[in-house]
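Below, each value reflects all heavy atoms present in this structure, side chains not excepted, and no hydrogens, waters or symmetry copies. Whatever order the structure lists ligands and atoms in, that order sets their numbers, starting from 1. Because the structure is a prediction, the values reported are computed rather than measured.
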Amino acid sequence: MTRADKTSNEAVSHDDMANAIRALSMDAVQAANSGHPGMPMGMADIAVVLFKDFLKFDPQDSHWPDRDRFVLSNGHGSMLLYALLHLTGYPDININQIKKFRQLGSRTAGHPEYGHAQGIETTTGPLGQGIATAVGMAIAERMMEARHGHEVVDHHTYVFAGDGCLMEGISHEAVSLAGHLGLGKLILLFDDNEISIDGPTDMSVRDDQIKRFESCGWEACRIDGHDPKVIAQAIESAKNSEKPSLIACRTVIGYGSPNKQGTASTHGAPLGEEEIAATKEQLAWPHAPFVIPNKILNAWRQTGDRGANARRAWNSRIETLSPGNKSAFETATNGKLPDGWENDFQAFVDTVAADQPKIATRQASQNALDTLAGIIPNLAGGSADLTGSNLTKAKGMDAVTAENFAGGYIYYGVREHGMAAAMNGIALHGGLIPYGGTFLIFTDYARPSIRLAALMGQRVIFVMTHDSIGLGEDGPTHQPVEQLASLRAMPNLNVFRPADAVETAECWALALQAEATPSVLALTRQGVPTLRSVTSGGNPCARGAYVLAEADGDRQVTLLATGSEVSIACEARDILKNEGINAAVISMPCHELFEAQDDEYRESVLGTNGVRVAIEAAVAQGWERYIGSDGTFVGMTSFGASAPGDTLYEHFGITAQAVADAAHQCL
Ligand SMILES: Cc1ncc(C[n+]2csc(CCOP(=O)(O)OP(=O)(O)O)c2C)c(N)n1
């Protein structure tokens with residue numbers, strides 16, 4: 001089929017609309033002298049068909065909960081998204097933003113960044129993340145539909161992805177999970193251009209993507225990604241499928257560039273003025289840089305206006321819900337917790353403090369969750385195949401299955417990275433609060449997605465158990481040593497390491513309240529005593545650290561500890577007391593929240609007299625700022641070992657006596 005055949009007889013043709021994307025992409029990348037023109041030029045035809053004929057969206061109400069989600073997983077092609085947002089009339093992306101592509105303070109960052117502009121559903125750029133995030137969005141859609149009804153929740157999730165996304169391991173986890181859950185409203189349009197940065201993809205990959213996806217339970221087909229009719233037919237058929245759909249769109253990277261199309265040279269560099277001129281001639285686009293003729297812009301704006309009716313109809317439908325259901329839907333989609341939840345939960349915390357259980361903090365977390373699930377109906381729990389270890393399945397939570405999305409618990413399988421990204425997608429979708437478990441050591445497997453949760457400011461709760469050598473016999477492969485420090489190094493992530501059952505419940509409350517910050521809950525495998533009976537006067541964990549036991553008399557030693565080491569600090573305090581040394585114990589469940597306190601509070605906790613000894617069964621990194629030049633650290637300097645937990649604490653010298661000795665040496 002020739003281009004002429006494909007062009008409709010309307011005043012504004014498909015090609016005009018696609019070329020508007022191509023021109024803006026070439027011009028913006030040229031002006032910035034950096035960026036990726038090849039992908040937007042290659043996927044422009046697919047984007048026109050999707051946005052013009054299928055995508056349910058309204059630029060005037062970008063948060064409309066029942067909009068289709070569009071995820072650009074191959075985020076290096078960000079100009080495709082910015083061009084679409086500009087052309088369809090999203091107010092945030094005017095032509096000046098396109099001209100300021102990749103400049104400081106612009107909304108048009110190098111890769112799409114969530115929160116920079118309406119219409120950017122998620123941050124993408126680390127390849128593969130978008131697909132996995134979209135899987136979470138599609139799961140959330142099904143779960144929300146099961147809870148609130150088809151009338152108000154009925155949308156699709158569309159993903160654009162390239163060879164790079166499909167080569168990344170995370171895509172396998174995500175694709176496999178999506179197939180297992182039968183996410184029929186997930187449609188992946190693969191930019192099957194057979195080019196990546198190093199050159200033709202046959203230099204490094206020979207996967208049969210069709211067979212690969214089919215084997216994972218997807219519908220899959222290959223089409224000409226430059227033929228609008230065929231693209232439309234494929235999307236139509238994907239929409240009718242019960243399974244998630246892969247549409248492998250054979251495209252030409254840098255389409256239209258006479259000397260560069262089809263080569264890696266269009267991937268990530270400006271085409272150059274001369275080649276842009278030649279391309280515009282070939283595409284019959286005689287317009288100056290950044291100029292979109294009114295006729296073509298109007299056609300795009302009509303595409304942008306198309307969704308308003310659907311949105312209005314949805315607004316009417318939401319009014320037909322009973323007041324209770326409407327309010328539940330709105331509370332959930334606004335990310336709010338139900339009225340009065342804090343009081344209900346505080347009653348549970350008070351009971352724990354009164355009972356003084358000696359249990360693992362993972363068990364304390366399970367107990368807290370059992371209560372929370374009864375108070376907060378929109379929790380979306382899960383675990384990466386460690387449910388019985390992480391203790392993440394709350395009482396009364398049913399499994400989410402392909403047949404039943406009314407459940408609240410997702411068996412993510414052994415897919416830590418996919419789970420973390422899916423949780424990001426669930427949070428971004430709105431309406432549900434995702435939490436999921438694995439061992440703390442495997443935050444390393446999930447880290448890129450944890451980082452994106454932090455970067456995007458999403459409330460995602462990572463329940464990470466088996467948090468130290470205390471886990472014992474599984475040995476050093478499973479014993480986190482450097483993970484706490486590395487997680488604490490990440491901006492906008494709260495790392496909680498509660499000391500006992502009371503703090504565990506309190507930290508859960510804080511994680512749920514942090515609407516724009518993800519949390520890691522680092523929890524023990526082994527039992528720990530309850531150290532505090534007082535719960536009046538607010539949640540002391542909210543300040544990150546607090547005086548758990550003040551010194552009897554002027555402070556000579558301040559013992560700082562987290563998690564299971566707080567009880568060791570308490571024992572060390574007793575030893576020192578018997579020797580006539582006054583020591584205080586500071587429980588420090590969250591460094592990040594402590595850092596946010598004013599100097600006065602921090603001084604009152606850390607003390608100004610005597611020496612400080614920090615205790616944590618992990619590396620010292622990060623503790624220097626608290627112990628000062630006179631203080632010391634008792635913890636790990638090597639990997640752990642395989643043995644019972646108690647033996648390991650002795651072996652590595654993390655004992656009350658060792659702490660007391662360390663204090664003596666500093667005094
Ligand atoms: C996790 C990750 N690794 C590497 C990169 C750097 N990178 C950006 S695009 C790209 C090649 C992608 O190839 P493809 O998806 O085929 O994109 P196309 O060349 O078709 O635009 C690479 C390696 C990245 N963004 N993310």
Report task. Tell me which protein heavy atom sits closest to atom 18 (P) of ligand 1, plus the residue, atom name and distance to 0.1 Å. Result -> His267 ND1, 3.4 Å
Report task. Return each pair, listed once, that meets salt bridge (Lys or Arg N to Asp or Glu O under 4.0 Å) where at least one residue sits in residues 157-179; pairs must be two or more places apart or across chains. Result -> none
[X] heavy atoms, cut-off 4.0 Å: which ligand 1 atoms fall inside?
X      : answer
His76  : 9 (S), 17 (O), 18 (P), 21 (O)
Gly164 : 13 (O), 14 (P), 15 (O), 16 (O)
Ile195 : 14 (P), 16 (O), 18 (P), 19 (O), 20 (O)
Met39  : 21 (O)
Ile253 : 18 (P), 19 (O), 20 (O), 21 (O)
Ser196 : 13 (O), 16 (O), 19 (O)
Gly162 : 15 (O)

Report task. Please state whether the rings of Phe57 and Tyr90 are parallel, tilted or perpendicular, taking 30° and 60° as the class boundaries. Result -> parallel
Requested in this report: Sequence neighbours left out, what pairs pass ring pair (Phe, Tyr, Trp, His ring centres under 6.0 Å) with at least one residue falling in residues 159-204?
Outcome: Phe70-Phe160
Contact between ligand 1 and [X] is defined here as a heavy atom of the residue under 4.0 Å from a ligand atom; is it met?
X      : answer
Pro126 : yes
Gly125 : yes
Asn74  : no

Query - Minimum side-chain heavy-atom gap Gln129-Ser449 below 4.5 Å - result: yes
**Report entry** Contact check, side chains of Val252 and His226, non-hydrogen atoms, under 4.5 Å
**Finding:** yes
Requested in this report: Would you indicate which of Glu168, His36, Gln129, Met43 comes nearest to atom 3 (N) of ligand 1 when only heavy atoms are counted?
Outcome: Glu168
**Report entry** Sub-4.0 Å protein heavy atom near atom 10 (C) of ligand 1
**Finding:** yes
